[in-house]
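Working notes, structure below.
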Amino acid sequence: MVAINISAIDPVCGMTVAPGDSLRSEYKGKAYFFCSAGCQKKFDSDPVGVLAKRAAKDAAKATADPGEQHSCCGGNGGSSTGLAKRNPADGDSEAVYTCPMHPEIEQVGPGDCPICGMDLEPKFVDMSSDGDDKQYSDMKRRFWMGAALSLPLLLIAMGPMVGVNVSDWIGQVSFGRLQLALATPVVFWCGWPLLVRGVKSFRSLNLNMFSLIAVGALAAYGFSLIVVLLPGAIPESMFENGAPPLYFEAAAVIITLVLLGQVLELRARQQTGGAIRELMQLAPSIAHRISDQGEEDVALESVQRGDRLRIRPGEKVPVDGRVISGASSVDESMLTGEPIPVSKGEGDDVTGGTLNQTGGLVMEAVGVGGDTVLNRIVQMVAEAQRSRAPIQRLADVVARYFVPAVIASSVLAFVGWWMFGPEPQLTHALVAAVAVLIIACPCALGLATPMSVMVGVGRGAKAGVLIKNAEVLEVMEKVDTIVVDKTGTLTQGKPELTDIKTFGQWNDRDVLALTAAVEASSEHPLAQAITRRAKADKLSVAQASDFQSVTGGGASGRVGDHELLIGKAELLDQQGIGNVDDGRSLAGAYQADGATVVFVAIDRQLAAIMAITDPIKGSTPAALKTLNELGLKVVMLTGDAEPTARAVATELGIGEFHAGVSPKDKHDFVRSLKSAGKIVAMCGDGINDAPALAEAQVGIAMGTGAGVAMESGDVTLVGGDLRGVAAAVTLSRKTMSNIRQNLFFAFIYNALGIPLAAGLLYPFFGVLLSPMIAAAAMSLSSVSVIANALRLRSADLN
């Protein structure tokens with residue numbers, strides 16, 4: 001194993017620091033650590049600039065020495081600096097591992113977190129993994145061994161309570177040695193991982209749940225060991241029924257119950273990864289590769305870019321690629337959520353994991369391994385599940401002081417019982433002190449937020465709602481205004497050229513051929529509608545030159561001897577084009593029906609207007625109704641003319657809309673809403689709307705298939721469906737509610753548990769809480785938090 005010490009990189013100066021001993025700041029849900037207050041101040045004043053400089057320096061260093069690897073924390077939202085994106089397949093000891101509760105902690109190779117003590121897990125999901133969890137198997141084996149030894153130990157220790165005293169049969173000395181023999185393997189083999197983490201926590205001064213478990217279990221075991229080996233050292237004041245007490249059963253049962261809690265927690269964490277495993281299972285295990293030697297079946301990992309692959313009817317597409325022959329329909333519902341298959345033929349793109357229907361296809365592999373859409377979605381979901389919500393800071397602050405406070409409470413309980421308690425005072429003091437340590441383990445507090453985030457993000461992924469990080473979930477809950485683009489968001493995004501009106505000597509086919517020549521260089525949906533119509537009409541389209549795009553306005557270019565300007569009427573007016581008013585008078589009728597009108601000028605005279613219609617998505621009306629029911633205000637922004645925008649807004653019942661806006665106007669409008677105190681989510685296609693997406697508190701990128709703009713927004717709706725916005729809002733509200741419930745459970749549990757363990761009930765009922773009961777209660781608190789978080793798996797997002 002190539003493991004290195006866990007450390008962090010100061011993003012300002014680049015110095016290696018220890019997370020537990022360093023100053024800390026958070027930015028966009030990630031933690032950064034600093035060597036001094038000066039570096040922290042520089043970072044806090046300009047985190048974007050600092051991270052950009054650090055990324056540039058690290059990139060330069062990586063180029064100079066690509067073989068060098070470092071452990072680090074945080075990063076700028078992408079892969080950690082200097083850490084190779086290694087999958088942990090086949091026990092790869094050089095894979096990057098991270099803490100599920102402290103994602104800023106990373107190292108090469110497996111290990112445990114220096115802050116909370118939990119086992120680190122692979123940062124990057126292995127698409128070839130069968131889901132086997134060695135940690136879970138190991139903990140389960142230790143638990144069953146502990147249970148097998150603790151049960152007879154508990155029975156013989158508790159026998160006198162029911163009149164069965166084993167010590168009368170074999171003698172007090174043998175009785176003690178028998179308990180020692182049963183308890184020692186439980187404490188030092190079954191509980192070894194717990195004890196090691198506890199010792200490490202004291203060494204690093206990052207006290208955590210394992211600190212309390214180690215102290216409590218070893219205190220009970222150590223006292224009992226002295227009784228067995230040095231019985232004369234125990235004062236008679238501590239004797240019970242004429243003999244010194246033994247607490248081997250308490251130590252063993254504490255360890256066993258904590259192991260049970262760990263097993264249940266690890267099993268639950270496996271269940272939270274169910275969404276990822278379901279996504280991973282969408283990819284087939286083999287592909288049919290075609291070569292000069294014929295066709296052969298190969299493992300998916302062996303497929304390389306450029307390979308020719310055959311997809312038979314009923315099989316899944318193995319990787320992302322392009323169809324080079326054949327025709328079929330492909331079920332893309334795993335990406336889009338739409339059950340209607342999409343026709344595919346030569347030149348069409350196909351996405352790995354989608355299901356081929358009735359026809360046969362031959363494709364060329366374009367995206368393989370980590371470059372497939374499916375793999376990027378899996379990694380995105382995994383990274384989001386490990387991110388931290390701002391509300392977690394509350395639990396972090398409490399946990400930072402909680403363990404020292406518990407140890408202090410345990411000491412006070414011991415002193416109080418020893419000085420003021422009834423006989424045997426030392427025995428009562430030891431029981432109370434150990435019970436306080438065990439019942440107050442902050443595992444429920446630490447799990448409260450991460451468990452809900454993991455399950456919530458996974459639930460969203462199953463619904464086609466990809467959440468970039470936990471902070472987005474928290475902000476999304478507060479959103480009160482949804483700003484939507486029209487094309488591709490409210491409408492299908494595949495506009496069709498429905499009518500052409502020419503002027504002067506021009507005819508439809510000539511104008512369309514010239515216009516398509518210019519628009520062939522544009523990626524705008526309206527331009528694509530024109531080029532598709534020219535292709536459908538089988539026109540001969542020449543090559544354009546001098547192409548220029550006017551953002552939010554149109555395009556210009558030269559085709560042969562003709563100079564063309566295409567776009568809005570305002571653009572033509574600005575350029576002094578003649579006869580524009582003739583087209584404007586006719587455009588109103590098209591726009592009143594919801595069509596977008598494109599003006600075409602050839603040789604500085606208006607040659608034609610083109611009516612382009614983009615049908616409204618069938619799901620849009622219902623989605624808008626749901627958003628209104630959720631109490632959200634919907635505002636439409638569009639670059640279309642006012643009559644077109646009004647027609648669409650009226651049809652959909654949108655009260656506020658703004659037409660003729662440029663990308664900069666959209667950005668400024670979102671900023672004005674924020675200045676007015678609104679919490680804004682912006683929905684767009686992630687390209688023309690990028691400035692507004694970045695300005696909004698939550699940017700929601702709409703996308704379908706291989707073109708999904710996963711890097712454009714904080715939330716990506718894979719299906720490109722506005723219903724996903726409502727699902728995202730509902731998901732955020734339910735997840736945040738779940739987190740608050742978990743934090744309430746954790747806080748209340750500890751607020752009540754510590755006084756009870758310290759002996760609050762004794763003056764009234766003569767009852768002192770047993771350390772074994774405390775251990776059971778501690779495990780139950782963690783299980784209750786986990787069970788509550790798992791309820792999100794079946795949350796209704798409709």
Side-chain angles (χ1 to χ4, degrees), residues 27-29 48 77 384 387 389-391 460 465-491 552 620 623-640 645 648-649 652-703 709-717 720-736 797:
Y27 176 66
K28 289 192 173 181
V48 175
S387 62
I391 197 173
V465 179
L466 303 183
I467 308 293
K468 184 160 285 188
N469 56 56
E471 184 177 4
V472 174
L473 277 173
E474 188 164 339
V475 176
M476 193 73 188
E477 180 200 27
K478 304 171 186 175
V479 165
D480 53 30
T481 305
I482 306 289
V483 177
V484 297
D485 180 40
K486 179 179 76 70
T487 304
T489 303
L490 301 176
T491 62
T620 297
L624 290 172
K625 180 181 178 182
T626 302
L627 290 173
N628 288 327
E629 291 173 349
L630 290 171
L632 301 171
K633 180 180 179 181
V634 179
V635 181
M636 182 181 77
L637 302 183
T638 178
D640 274 337
V648 173
L652 294 175
I654 298 176
E656 182 179 349
F657 68 91
H658 299 271
V661 294
S662 66
K664 183 179 184 303
D665 294 333
K666 292 180 181 180
H667 170 274
D668 294 343
F669 180 76
V670 170
R671 175 172 289 181
S672 68
L673 287 176
K674 290 171 61 180
S675 300
K678 301 295 184 181
I679 308 297
V680 184
M682 170 69 193
C683 309
D685 61 13
I687 302 172
N688 292 332
D689 301 308
L693 285 168
E695 179 63 27
Q697 280 97 338
V698 179
I700 303 177
M702 315 287 286
M710 288 187 291
E711 298 302 324
S712 300
D714 303 304
V715 178
T716 298
L717 306 181
D721 193 324
L722 198 63
R723 289 175 297 186
V725 179
V729 173
T730 302
L731 175 66
S732 67
R733 293 181 180 181
K734 291 189 175 184
T735 302
M736 293 309 300
L797 303 183

Would you confirm whether [X], through its side chain, and [Y], through its main-chain N or O, come within 3.5 Å as a donor-acceptor pair?
X	Y	value
T638	K486	no
T481	V680	no
Q697	K678	yes
D714	G699	yes

key: Contacts of type salt bridge (charged side-chain N to carboxylate O under 4.0 Å, His left out), residue K734, not counting sequence neighbours   = none
Could you tell me whether the side chain of [Y] reaches within less than 4.5 Å of the side chain of [X], counting heavy atoms only?
X	Y	value
I482	C683	yes
V484	L637	no
E656	M636	no

Candidates V698, V635, V483, I700 - the one meeting side chain to side chain contact (heavy atoms under 4.5 Å, CB included) with M682 = V483
inquiry  = Measuring from atom CG of L632 to atom CD1 of I679, what distance do you get when rounded to the nearest 0.5 angstrom?
reply    = 12.0 Å
query = Closest heavy-atom contact between T620 and T489?
reply = OG1-O, 4.2 Å
Closest heavy-atom pair and its distance - A681, M476 = CB-CE, 4.5 Å
Atom pairs and distances, donor-acceptor, side-chain atoms in residues 724-733, under 3.5 Å, two or more places apart:
{"unit_1": "T730", "atom_1": "OG1", "unit_2": "A726", "atom_2": "O", "d": "2.9"}
{"unit_1": "S732", "atom_1": "OG", "unit_2": "E477", "atom_2": "N", "d": "3.3"}
{"unit_1": "S732", "atom_1": "OG", "unit_2": "A728", "atom_2": "O", "d": "3.4"}
{"unit_1": "S732", "atom_1": "OG", "unit_2": "V729", "atom_2": "O", "d": "2.7"}
{"unit_1": "R733", "atom_1": "NH1", "unit_2": "L630", "atom_2": "O", "d": "3.2"}
{"unit_1": "R733", "atom_1": "NH2", "unit_2": "L630", "atom_2": "O", "d": "3.1"}

task = Any chance you could lay out the side chain to side chain contact (heavy atoms under 4.5 Å, CB included) test for L717 and V715, step after step, and finish with the verdict?
result = CA-CA 7 Å; L717 306 181; V715 178; 4.0 Å; yes
message = Other residues, nucleotides and ligands only: do more than 12 of their heavy atoms fall within 6.0 Å of NZ on K674?
response = yes
